[in-house]
Enquirer: 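Quick one: this structure, given as structure tokens, is what I'll be asking you about.
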2 protein chains.
Amino acid sequence: MYERKIPVDLDCPLRLTMSLIDSKWKSCILDELRHRPLRPSELHRQLPEATPRVLDLQLRELVEDGLVAKTIYAELPPRSEYSLTELGASLLPLIDAMIAWGQSHADLFERKYGPRG
Amino acid sequence: MYERKIPVDLDCPLRLTMSLIDSKWKSCILDELRHRPLRPSELHRQLPEATPRVLDLQLRELVEDGLVAKTIYAELPPRSEYSLTELGASLLPLIDAMIAWGQSHADLFERKYGPRG
DNA sequence: TCTCGTACCGAAAATTTTTTCGGTATACCC
DNA sequence: GGGTATACCGAAAAAATTTTCGGTACGAGA
């Protein structure tokens with residue numbers, strides 16, 4: 001069984017929040033789940049750059065932290081769905097603020113780091 | 001010379017923002033610089049859990065990304081100061097939102113992961 | 001002189017994260 | 001049977017991050 005290496009940081013509110021969302025795909029996962037629950041395969045289609053494995057690992061931590069809920073349907077082929085909990089949804093304003101900041105400064109970084117320098 | 005391994009993510013506004021602040025101490029550094037410029041040694045005193053080396057490395061990326069400005073004073077012993085740029089300061093509302101979220105949910109995670117489990 | 005402090009940086013080690021590859025099991029369709 | 005697909009997970013490899021350790025250089029003070 002996978003176990004997270006670094007526990008959630010309880011000492012500082014800023015690092016507590018960061019430690020919940022600062023891995024490569026967690027914020028994207030929360031963003032994708034904002035409208036409706038998604039199955040793992042659907043999530044992978046939405047985030048094709050992320051491997052199914054890493055989505056699985058990060059979903060597990062999100063569930064452990066209480067930001068995402070997992071529902072297993074006793075069907076064959078197996079089906080499961082991941083959805084935002086109330087706690088996870090309470091992070092959406094933060095996600096929105098990050099998206100907004102990124103949008104308003106995208107051109108700056110595009111010029112800075114983009115293909116045409 | 002140090003070179004960042006992963007370039008800033010230009011494809012998605014959310015990951016662009018995250019890629020600027022998602023290493024271990026960057027958000028804390030921005031938070032510490034909010035009131036006044038700090039010298040590296042002062043910053044280390046404010047964040048004693050971070051090694052001077054990692055603060056140095058992350059400051060360098062923050063400067064490269066334009067979030068922090070470095071001023072070198074031609075004195076002996078050498079003195080330098082790091083301060084927020086306008087761009088860096090524009091992230092403070094985001095930092096504030098993360099601090100606020102962390103504060104309002106600290107007790108929950110304290111119960112969940114704290115010493116008395 | 002010796003020690004402390006400043007700022008900085010290289011190199012290697014250690015740690016953490018992510019990827020890759022393979023495997024479990026089931027059902028569907030051709 | 002052989003192909004698709006679903007979800008999940010272990011193990012090892014690869015990659016990235018952070019730590020540790022050492023070093024540069026200079027001045028202040030005991």
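The figures here come from the full heavy-atom set of this structure, side chains too, leaving out hydrogens, waters and symmetry mates. Residue numbers start from 1 in every chain, and the chains themselves are labelled A, B, ... in the order their sequence lines are given, proteins ahead of strands.
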Enquirer: Side chains of residues 24-31 of chain A: which donor-acceptor pairs under 3.5 Å do they make with residues two or more places apart or in other chains?
Expert:
residue	atom	partner	partner atom	Å
A:K26	NZ	A:E61	OE1	2.6
A:D31	OD1	A:R34	NE	2.9
A:D31	OD1	A:R34	NH2	2.9

Enquirer: Check residues 62-69 of chain A and write down every donor-acceptor pair under 3.5 Å in which the side-chain atom is one partner and the other belongs to a residue at least two apart or another chain.
Expert:
residue	atom	partner	partner atom	Å
A:E64	OE1	A:R4	NH1	3.2
A:D65	OD1	A:R4	NH1	2.8
A:D65	OD1	B:Y113	OH	2.6
A:D65	OD2	A:R4	NH1	3.3
A:D65	OD2	A:R4	NH2	3.2

Enquirer: Measure from the side-chain heavy atoms of A:L57 and tell me the nearest of C:dT6, C:dT18, C:dC8.
Expert: C:dT18
Enquirer: Over how many whole Å does the gap from A:L38 atom CG to D:dA7 atom P extend?
Expert: 11 Å
Enquirer: Can you list the residues that meet the salt bridge (charged side-chain N to carboxylate O under 4.0 Å, His left out) rule with A:D22, with sequence neighbours excluded?
Expert: none
Enquirer: For D:dA5, take OP1 and OP2 only and decide whether either is under 4.0 Å from a side-chain N or O of A:S41.
Expert: no
Enquirer: Quick one: pull up OG in B:S90 and CH2 in A:W101 and give me the separation to the nearest 0.5 Å.
Expert: 5.0 Å
Enquirer: Can you check the B:M18 CE to C:dT18 C1' distance for me, whole Å?
Expert: 15 Å
Enquirer: Which ones in residues 22-30 of chain B lie close to DNA chain D, meaning a heavy atom under 4.0 Å from one of its atoms?
Expert: B:S23, B:K24
Enquirer: Taking side chain to side chain contact (heavy atoms under 4.5 Å, CB included) as the test, write out the residues that go with A:A100, two or more places apart.
Expert: none
Enquirer: Name every residue in residues 43-55 of chain B that has at least one heavy atom under 4.0 Å from any atom of DNA chain D, in order of residue number, or write none if there are no such residues.
Expert: B:T51, B:R53, B:V54
Enquirer: Just to confirm, is there a sub-4.0 Å distance from OP1 or OP2 of C:dT18 to any side-chain nitrogen or oxygen of A:Q58?
Expert: yes
Enquirer: Could you list the residues that satisfy salt bridge (charged side-chain N to carboxylate O under 4.0 Å, His left out) with A:D11, not counting sequence neighbours?
Expert: none
Enquirer: Are the side chain of B:T17 and the backbone N or O of A:G102 linked by a donor-acceptor pair below 3.5 Å?
Expert: yes
Enquirer: Measure the distance from CG on A:L59 to P on D:dC9 and round it to the nearest whole Å.
Expert: 11 Å
Enquirer: Whole angstrom is fine here: how far is it from CZ in B:R15 over to P in C:dT18?
Expert: 12 Å
Enquirer: Taking side-chain hydrogen bond (donor to acceptor under 3.5 Å, both in side chains) as the definition, give me every residue that meets it alongside A:Q103, ordered by chain and number, with sequence neighbours left out.
Expert: none
Enquirer: So, using side-chain hydrogen bond (donor to acceptor under 3.5 Å, both in side chains) as the criterion, who are the partners of B:E32 when residues are at least two apart?
Expert: none
Enquirer: Whole-Å distance between D:dT18 C1' and B:E61 CD?
Expert: 12 Å
Enquirer: Can you tell me how far P of C:dC8 sits from OH of B:Y73, to the nearest Å?
Expert: 13 Å
Enquirer: To the nearest 10 degrees, how far apart in direction are the end axes of the helix from C:dT1-D:dA30 to C:dC30-D:dG1, each fit to five base pairs?
Expert: 20°
Enquirer: Between C1' on C:dT18 and CG on A:D56, what's the gap in Å once rounded to a whole number?
Expert: 13 Å
Enquirer: Let me know the distance between CZ of A:R60 and C1' of D:dC9, rounded to the nearest Å.
Expert: 7 Å
Enquirer: Among C:dA7, D:dC9, D:dA7, which nucleotide has an atom closest to any side-chain atom of B:R39?
Expert: C:dA7
Enquirer: Donor-acceptor check, side chain of A:S19 to backbone of A:D9, threshold 3.5 angstrom: yes or no?
Expert: yes
Enquirer: Whether A:Y82 contacts D:dC8 is assessed here as follows: a side-chain N or O lying under 4.0 Å from the phosphate OP1 or OP2. Is that the case?
Expert: yes
Enquirer: Cut-off 3.5 Å, no hydrogens considered: what does the side-chain donor-acceptor table look like for residues 38-48 of chain A, sequence neighbours left out?
Expert:
residue	atom	partner	partner atom	Å
A:E42	OE1	A:R39	N	2.7
A:H44	ND1	A:A50	O	3.0

Enquirer: Could you pull out all residues at least two apart from A:S104 that satisfy side-chain hydrogen bond (donor to acceptor under 3.5 Å, both in side chains)?
Expert: none
